[in-house]
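These notes concern the structure reproduced below.
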Amino acid sequence: MTDAPSDLTTGDFTDEQKQYLQGFFAGATQRMPFVGHTGAGALTNDPTRADSNLAVATADVEPTVWGTPVSDLCAEEVWKYERNPLDCWDDLLRHAAMDSVPDAEFRYRFKSFGLFHVAPAQDSFMLRMRVPGGVLTSHQMRGLAKMAEQWGCGRIDLTTRANVQLRELQPRNIVDVLNTIQKLGMSSRGSGADNLRNFTASPISGFDAQELIDVQPFADALQNYMSNSRDMFGLPRKFNIAFDNGGSISVLADTNDIGFTAVRVASGRSVPEGVYFRVLLCGITGHKQFASDCGLLLLPDQLVAVAAAMVRVFAEHGDRTDRKKARLKYLIDRWGVPKFLEEVQKKLDFPVIHCDAAECEPRGPIDRAGHLGAHAQSQDGLHYMGITIPVGWLPTEQARALADVADRFSTGELRLTVWQNLLIPNIAAADLEAAKAAVREAGLEYEAGRVLSGTVACTGSRGCRFAMTDTKAHALEIARTLDTMFPIDSPVNLHVTGCPNSCAQHYIGDIGLMGVKVNGGEGYQVNLGGSADNDQGMARELFPAMPYAEVIPALQGVFAIYQQRHEASESFLEFTRRHAVEELRSMCGQQVLSQGDAA
């Protein structure tokens with residue numbers, strides 16, 4: 001090989017070639033050498049095909065996290081960059097030994113173990129666990145009850161992600177708590193901070209006569225994959241995933257970052273006949289957005305791999321500089337769905353099917369009250385019984401009683417739901433009445449008034465520093481008042497949340513209340529007409545802010561007019577959607593005026 005010619009006037013070059021070579025060699029002498037790795041791991045000298053130049057001295061290059069310079073990271077991302085949040089066991093031991101409250105950094109780090117220091121609402125920790133698919137054993141329920149009595153407030157809280165919380169834990173007990181849940185065969189790792197939250201699944205999956213496929217195994221498999229994949233922790237922001245079996249009870253898949261919903265494809269379509277899954281993306285109802293179909297049709301054995309690929313794309317490209325813009329929604333808003341799916345496909349060694357949703361059979365009916373009461377299972381002679389746990393508060397003595405019911409009359413299994421209640425499956429027909437009696441002896445009901453049965457509420461100001469109202473107490477008062485005054489036949493969902501974070505998903509309730517301050521006191525934004533799934537739609541704002549004392553009279557007005565004027569078989573949801581907001585406001589005012597006249 002010879003050196004590059006210094007005199008390009010010699011040789012058989014055209015003028016165009018001479019100009020090109022002069023430019024090339026001029027650039028080559030000025031350009032810094034580049035060596036990097038492509039996404040496939042190959043070496044490249046092209047700066048456009050790699051994130052960093054490995055031929056540059058380290059001191060000259062600012063470190064990055066998936067391409068974001070460390071200096072641009074928000075505080076939480078800096079903490080994660082400095083040390084993985086899972087690597088803080090010694091810090092947990094230290095805080096327990098000193099019985100001390102963590103500072104801001106360790107409050108954040110401890111959330112990756114499911115521990116939330118919830119001051120000033122309570123000067124204590126809340127522990128959130130992982131219950132994949134909402135499946136608990138009677139042994140685990142008794143263990144949770146013992147922990148709640150020994151270290152907590154004597155109560156188990158059921159959540160809207162088919163999960164459990166223990167509250168009022170003192171710092172000195174946090175290590176004992178974490179060791180005990182591990183002995184129960186449970187985990188809390190990744191249940192808080194920027195992680196994959198509890199995986200939900202249709203609560204009667206496996207014994208739903210209408211279901212297309214049992215989805216509980218997918219929730220278990222994804223949990224196992226996450227537990228064994230350290231890189232699945234520490235995302236840009238929290239991430240929700242749900243598996244819906246296409247059966248008679250919804251899991252609200254369209255409110256999740258990813259919702260996998262089972263569908264059937266009949267013969268004569270562009271793909272072979274069978275059961276598949278559609279993929280819904282970017283549900284974030286606090287921002288008034290349902291997850292929407294992204295055009296994929298997955299085989300069941302592809303679900304966990306596709307979920308892992310999607311999470312990794314989010315981890316690599318989500319915003320780590322602004323936590324208000326760090327959810328999956330914002331990445332896809334920036335990219336568009338096609339680019340997101342293209343990046344996902346790069347991480348898979350099998351092709352995924354793109355197929356219009358119209359190729360799939362319509363979903364069957366959803367029983368909005370099917371999570372309560374006794375119902376026949378797909379297995380002959382067996383029933384499940386849904387039990388009301390008002391606003392998710394389950395005292396320990398009732399928790400033990402339900403564990404006893406599950407052992408005496410069933411197979412020792414309990415299932416949680418996204419409506420803060422639970423059900424017991426596999427009860428023989430001959431034992432059903434005795435099981436019902438045992439539930440009532442425990443002070444619980446397997447049926448409830450139509451509003452109370454559909455009532456969910458976030459923690460509220462008693463246990464959350466963000467909440468502006470005592471949501472659970474208010475939700476109970478509202479539901480019981482309406483059920484006493486207005487016995488109706490159709491289910492009504494009441495969602496009461498304490499702040500705009502919308503943990504109780506107020507925009508998808510028939511009645512959705514969001515806590516606000518009104519002249520320094522407790523009040524609510526009042527919304528009507530929300531729902532998910534087959535009745536999907538965001539609730540409309542009725543009043544932007546109303547003192548709590550006026551909320552029940554206003555709702556009484558709507559219910560009174562509903563009873564008088566609803567059409568045959570018209571549900572409360574259909575009635576409120578049929579009327580303009582101005583008409584609904586008038587109904588509220590009529591009740592307030594009539595009460596004033598009566599006084």
Side-chain angles (χ1 to χ4, degrees), residues 34-44 46-54 61-87 108 112 189-190 193-197 199 222 225-241 256-258 260 279-284 291 294 296 298 302-352:
F34 185 93
V35 180
H37 291 285
T38 68
L43 289 167
T44 180
D46 184 351
T48 66
R49 300 193 62 203
D51 289 334
S52 60
N53 186 0
L54 303 180
V61 179
E62 182 180 4
T64 64
V65 176
W66 294 114
T68 300
V70 170
S71 60
D72 291 341
L73 298 176
C74 62
E76 292 83 356
E77 291 296 333
V78 171
W79 293 331
K80 285 187 287 189
Y81 169 75
E82 293 172 342
R83 179 156 55 109
N84 189 297
L86 296 179
D87 294 333
Y108 175 79
S112 285
R189 294 203 334 165
D194 304 326
N195 287 295
L196 294 162
R197 298 302 173 84
F199 304 126
L222 188 55
Y225 182 84
M226 173 189 172
S227 298
N228 290 301
S229 304
R230 192 176 177 86
D231 68 322
M232 297 292 280
F233 295 82
L235 308 178
R237 212 62 168 89
K238 71 176 183 177
F239 203 99
N240 295 326
I241 299 177
N256 287 256
D257 294 282
I258 305 176
F260 295 106
V279 183
L280 311 179
L281 294 178
C282 301
I284 179 168
C294 71
L296 293 187
L298 302 181
Q302 297 175 333
L303 254 61
V304 176
V306 170
M310 288 183 167
V311 171
R312 283 194 169 89
V313 170
F314 171 62
E316 294 172 14
H317 299 283
D319 193 331
R320 294 180 182 268
T321 66
D322 182 356
R323 293 179 67 77
K324 293 181 179 179
K325 300 291 185 181
R327 294 290 297 273
L328 177 66
K329 161 188 163 53
Y330 297 104
L331 174 62
I332 292 184
D333 283 350
R334 175 159 48 94
W335 273 6
V337 171
K339 181 176 179 180
F340 177 75
L341 297 182
E342 179 183 340
E343 293 299 317
V344 170
Q345 181 64 77
K346 292 177 183 178
K347 295 188 176 296
L348 301 170
D349 75 344
F350 55 87
V352 293

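All figures in this text were calculated on a predicted structure; none of them were measured in a lab.
With sequence neighbours excluded, no residue satisfies salt bridge (charged side-chain N to carboxylate O under 4.0 Å, His left out) with Arg334. Here Asn84 pairs with Leu86, Asp87, Arg230 under the side chain to side chain contact (heavy atoms under 4.5 Å, CB included) rule; sequence neighbours left out. Take Ser227 and apply the side chain to side chain contact (heavy atoms under 4.5 Å, CB included) test, not counting sequence neighbours, and it matches Gln223. With sequence neighbours excluded, no residue forms a side-chain hydrogen bond (donor to acceptor under 3.5 Å, both in side chains) with Asp349. Applying the salt bridge (charged side-chain N to carboxylate O under 4.0 Å, His left out) rule to Lys329 yields the partners Asp333; only residues at least two apart in sequence or on another chain are considered. With sequence neighbours left out, the side-chain hydrogen bond (donor to acceptor under 3.5 Å, both in side chains) criterion links Thr64 to no other residue. Under the side-chain hydrogen bond (donor to acceptor under 3.5 Å, both in side chains) criterion, Asp46 pairs with Thr48, sequence neighbours left out. Under the ring pair (Phe, Tyr, Trp, His ring centres under 6.0 Å) criterion, Phe199 pairs with no residue, sequence neighbours left out. Residues meeting the side-chain hydrogen bond (donor to acceptor under 3.5 Å, both in side chains) test with Thr321, sequence neighbours left out: Asp319. Considering only residues two or more places apart in sequence or on other chains, Asn240 meets the side chain to side chain contact (heavy atoms under 4.5 Å, CB included) condition with Arg161, Arg197, Asn256, Asp257, Arg327. Taking Pro351 as the reference, nothing meets the side chain to side chain contact (heavy atoms under 4.5 Å, CB included) condition, with sequence neighbours excluded.
Leu281 is listed as a side-chain neighbour of Met310, based on a closest heavy-atom distance under 4.5 Å. When side chains are defined from C-beta on, Leu43 counts as touching His37, because their heavy atoms get closer than 4.5 Å. Looking at Trp79 and Pro85, their side chains never come closer than 4.5 Å, going by heavy atoms from C-beta outward. By the 4.5 Å heavy-atom criterion applied to side chains, Thr68 and Glu77 are not counted as neighbours.
Taking every heavy atom of both residues into account, Met232 and Ala308 meet most closely at CE-CA, 3.9 Å. Between Lys324 and Tyr330, the shortest heavy-atom contact is O-CE1, 3.5 Å. Nearest heavy-atom pair, Ser229 versus Arg312, reported as atom, atom and distance to 0.1 Å: CB-NH2, 4.2 Å. Here the shortest heavy-atom pairing between Ala315 and Trp66 reads O-CD1, 3.5 Å. Closest approach of Gly318 to Pro236, counting heavy atoms only: CA-CG, 3.9 Å.
Using modelled atom types, no side-chain atom of Arg323 and backbone atom of Arg237 make a donor-acceptor pair closer than 3.5 Å. Using modelled atom types, no side-chain atom of Arg320 and backbone atom of Val78 make a donor-acceptor pair closer than 3.5 Å. Looking only at distances, a side-chain donor or acceptor of Lys80 sits under 3.5 Å from a matching main-chain atom of Leu235. Between the side chain of Glu76 and the backbone N or O of Tyr108, no donor-acceptor pair lies under 3.5 Å.
A distance of 11.0 Å separates CG in Asp231 from CE in Met226, rounded to the nearest 0.5 Å. One distance of note links CZ of Phe233 with CG of Asp194; it measures 12.5 Å at 0.5 Å rounding. Remark: Leu280 CG to Ile258 CD1 distance equals 10.0 Å, nearest 0.5 Å.
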Given the rule in the side chain to side chain contact (heavy atoms under 4.5 Å, CB included) test, do Phe239 and Asn195 qualify, once you have shown the distances and angles that lead to the verdict?
CA-CA 6 Å; Phe239 203 99; Asn195 287 295; over 6 Å; no
Verdict with reasoning, Val311 to Ile241, per side chain to side chain contact (heavy atoms under 4.5 Å, CB included)
CA-CA 10 Å; Val311 171; Ile241 299 177; 4.2 Å; yes
Which atom pairs, one a donor and one an acceptor, fall under 3.5 Å between side chains of residues 335-345 and the rest of the protein, sequence neighbours left out?
| residue | atom | partner | partner atom | Å |
| --- | --- | --- | --- | --- |
| Glu343 | OE2 | Lys346 | NZ | 3.0 |
| Gln345 | OE1 | Val352 | N | 3.3 |
| Gln345 | NE2 | Phe350 | O | 2.9 |

